[in-house]
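In this chain, residues are counted from 1 in sequence order. Counting convention: from 1, in listed order, for ligands and their atoms alike.
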Amino acid sequence: MSAELPDGTLASHPHSRAHRENWRHDMINLHDNVKLPAVGMTGFETPLTEEEAAIQQSVHRFARDVMRPISQELDRMTAEQVVAPTSPYWTVFSEFAKLDLDPALIAQFPPETAVRIESLIGEELGWGDSGLAVSLGAAGFPLQMAQAVGNKELVEISMGKIGCWIVTQPDKGSDITTLYPKQDGAPGVPFNRGNLLAKVGADEIVINGQCSSWVSNGASAQVALVYMNADYGDGELYDGEGRPHGVAMVMPLDLPGVSRGKPLDKIGQRALPQGEIYFDNVKVPKRFAVALKDDYYGNFASAWSFAGTHMSQVFTGVARAAFEHALAYCHDRKQSGARLIDHQLTRFRLGDMLRRVELARSVARRSLAYARLSPRSHPYATASAKVTVTEEAMKVTSEALQLFGGFGTSREYPIEKLFRDARAALIEDGENNVLTMRLGLLAHRLFDDEGWTQN
Ligand SMILES: Cc1cc2nc3c(=O)[nH]c(=O)nc-3n(C[C@H](O)[C@H](O)[C@H](O)COP(=O)(O)OP(=O)(O)OC[C@H]3O[C@@H](n4cnc5c(N)ncnc54)[C@H](O)[C@@H]3O)c2cc1C
């Protein structure tokens, strides 16, 4: 019911002044000049609230003053040096803790605000350094799962620890992203059981095998959220869909029988310590399980839908960092008697980069909102945003390197590192072609099973 206004009309009445003014306001935001638009660190952004701006500023300072200098140091170290006790890697965690970014506090904001705050934080961390941003994200994952299932003992075990997320194995890479093997697997071939197996007993779970060398924080983690195939001793190895049964658990990594491989040496995100973890008859109490047999794939899909969103925010930050470096360089470097920015072609190239950063940010935010606020999220939806954002980040970092000319290839300049970091992201958290193929399967299932798009 609309309030009566001083002119005697109802506010909602089409002839009321309030309605007319609102209508006018809604249609065109009139200005009497062509001054430059309002922009923030995150581009063409509607105004941030005081709290949002304060959080963004404090994470930005951390990204600029702690993450960037440390990541540049770590980038030049060997993989072993990155996780040595004297490495500056560990400082990132103690400094990050000082920011006091408690997810429970952020969750108290209205949902849309909480999503924007989470996006702002992820983007600043990615702008600081993607390898460290992924390391910080993976570090908190076992704790978040312990909290989600409400297991106080597991919360205690993971609180204040560096965590990791173990899913892939040497022989089971893209296969871990298969949720519907009846449509996605080779006909007549039993689905891949991988190299990590848990025997689930009445009170105890015994683990044997190893994870892949790609596990983020595999070389630094103290606690893990582990997804693996399981034998429940009942002769049933596969479920009705043809998927191997599994068990998910949160476990400390100092148990007898756990050992590590050599930290992985790789092209980009060199500040992110990756490496194999071996399990030799490792005995874990069954109460550490967060999902058994029938709950396993639902739990895995929820975990991936939730955590995979971080990738999109982080690589939006990487794209933005590359754009900012290129923008500054084009104001400095002169060719043909003028600064690069004074040439139309370079302006076009910068405009194209900025457009892609805005695209990445929009997709990242939309996918985060869907994952957090929709009644039923799906990992293939989360992953589709990761594909878009990382492909755009790759294009932007590559074009930034090109704009730096020969200097772009030099390790004296920051662009080649961003280029290497973005390149790894096209495979990280699922290889992009495979993820896009899974998105196509999702569209097929929605069309066939739900009648989606058929009205
Ligand atoms: C930086 C980084 C961080 C990572 N972090 C983690 C982590 O924290 N935890 C974790 O468990 N893992 C992690 N991974 C592993 C990552 O998830 C895998 O690398 C990824 O899923 C691809 O698996 P793969 O490397 O075994 O490649 P493969 O699956 O062997 O793929 C090789 C090629 O074959 C193609 N291919 C594969 N299957 C098919 C198919 N069915 N049809 C057509 N083509 C196909 C792919 O497109 C790809 O080009 C990380 C990887 C990277 C690079």
Worksheet item: What is the closest protein heavy atom to atom 4 (C) of ligand 1, and at what distance does it sit?
Response: W214 O, 3.1 Å

Worksheet item: Just checking, any donor-acceptor pair under 3.5 angstrom between side chains of E391 and N432?
Response: yes

Worksheet item: In the protein, what heavy atom is nearest to atom 20 (C) of ligand 1, and what distance, to one decimal place, separates them?
Response: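 Looking only at protein heavy atoms, the one closest to atom 20 (C) of ligand 1 is I427 O, 3.6 Å.
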
Worksheet item: Of the protein's non-hydrogen atoms, which lies at the shortest distance from atom 26 (O) of ligand 1, and what is that distance?
Response: G173 CA, 3.2 Å

Fill in: Closest contact, heavy atoms only, A146 versus S158
CB-OG, 4.1 Å

Item to complete: Using protein heavy atoms only, decide if any is under 4.0 Å from atom 50 (C) of ligand 1.
Response: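 For atom 50 (C) of ligand 1 the answer is yes, since some protein heavy atom falls inside 4.0 Å.
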
Worksheet item: Taking everything shown except E204 itself, do over 12 heavy atoms lie less than 6.0 Å from its CD?
Response: yes

Worksheet item: How close does the nearest protein non-hydrogen atom get to atom 9 (N) of ligand 1, and which residue and atom is it?
Response: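 Answer for atom 9 (N) of ligand 1: W165 O, 2.8 Å.
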
Worksheet item: In terms of side-chain geometry, is the basic nitrogen of E236 or K293 positioned less than 4.0 Å from the acidic oxygen of its partner?
Response: yes

Item to complete: For the pair H60 and W127, name the ring-plane relationship: parallel under 30°, tilted 30 to 60°, perpendicular over 60°.
Response: tilted

Item to complete: With atom 3 (C) of ligand 1 as the reference point, say which of E431, K172, Q274 has the nearest heavy atom.
Response: Q274

Discussion item. Quick one about Y89 and S220 (side-chain donor to acceptor, distance below 3.5 Å, no hydrogens or angles considered), yes or no?
Written reply: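 Note: S220 and Y89 side chains meet the donor-acceptor criterion.
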
Worksheet entry | Aromatic ring proximity W452/F447, centre distance under 6.0 Å | no

Worksheet item: What atoms of ligand 1 come closer than 4.0 angstrom to any heavy atom of V215?
Response: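 Matching atoms, with element in brackets: 6 (C), 7 (C), 8 (O), 9 (N), 10 (C), 11 (O).
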
Discussion item. For K199 and N208, which I'm curious about, is there any donor-acceptor pair between the side chains at under 3.5 Å?
Written reply: no

Worksheet item: Can you find a protein heavy atom under 4.0 Å from atom 29 (O) of ligand 1?
Response: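 For atom 29 (O) of ligand 1 the answer is yes, since some protein heavy atom falls inside 4.0 Å.
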
Worksheet item: Short list, please: which atoms of ligand 1 are under 4.0 Å from a heavy atom of G430?
Response: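 By the 4.0 Å cutoff, the relevant atoms are 17 (O), 21 (O).
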
Worksheet, complete the sentence: atom 31 (O) of ligand 1 sits nearest the protein heavy atom S174 OG, 3.7 Å

Worksheet item: So between G268, A224, S216, whose heavy atom ends up nearest atom 7 (C) of ligand 1?
Response: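 Closest candidate by heavy-atom distance is S216.
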
Worksheet item: How far is atom 44 (N) of ligand 1 from its nearest protein heavy atom, and which residue and atom name does that atom have?
Response: V434 CG2, 4.4 Å

Worksheet item: Looking at T168, which atoms of ligand 1 are within less than 4.0 Å of one of its heavy atoms?
Response: 10 (C), 11 (O), 12 (N), 13 (C), 15 (C), 17 (O)

Worksheet item: Any idea which of M437, K266, R438 brings a heavy atom closest to atom 40 (C) of ligand 1?
Response: M437

Worksheet item: Would you call D184 and R438 a salt bridge, taking side-chain N to carboxylate O under 4.0 Å as the test?
Response: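 Yes, D184 and R438 are salt-bridged.
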
Worksheet entry | T316-Q313 side chain donor-acceptor pair, cut-off 3.5 Å | no

Worksheet entry | Closest protein heavy atom (residue, atom, distance) for atom 1 (C) of ligand 1 |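 Going by distance alone, atom 1 (C) of ligand 1 is nearest to E428 CD, 3.4 Å.
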
Fill in: Polar contact flag for L272 and ligand 1 (N/O pairs, less than 3.5 Å)
no

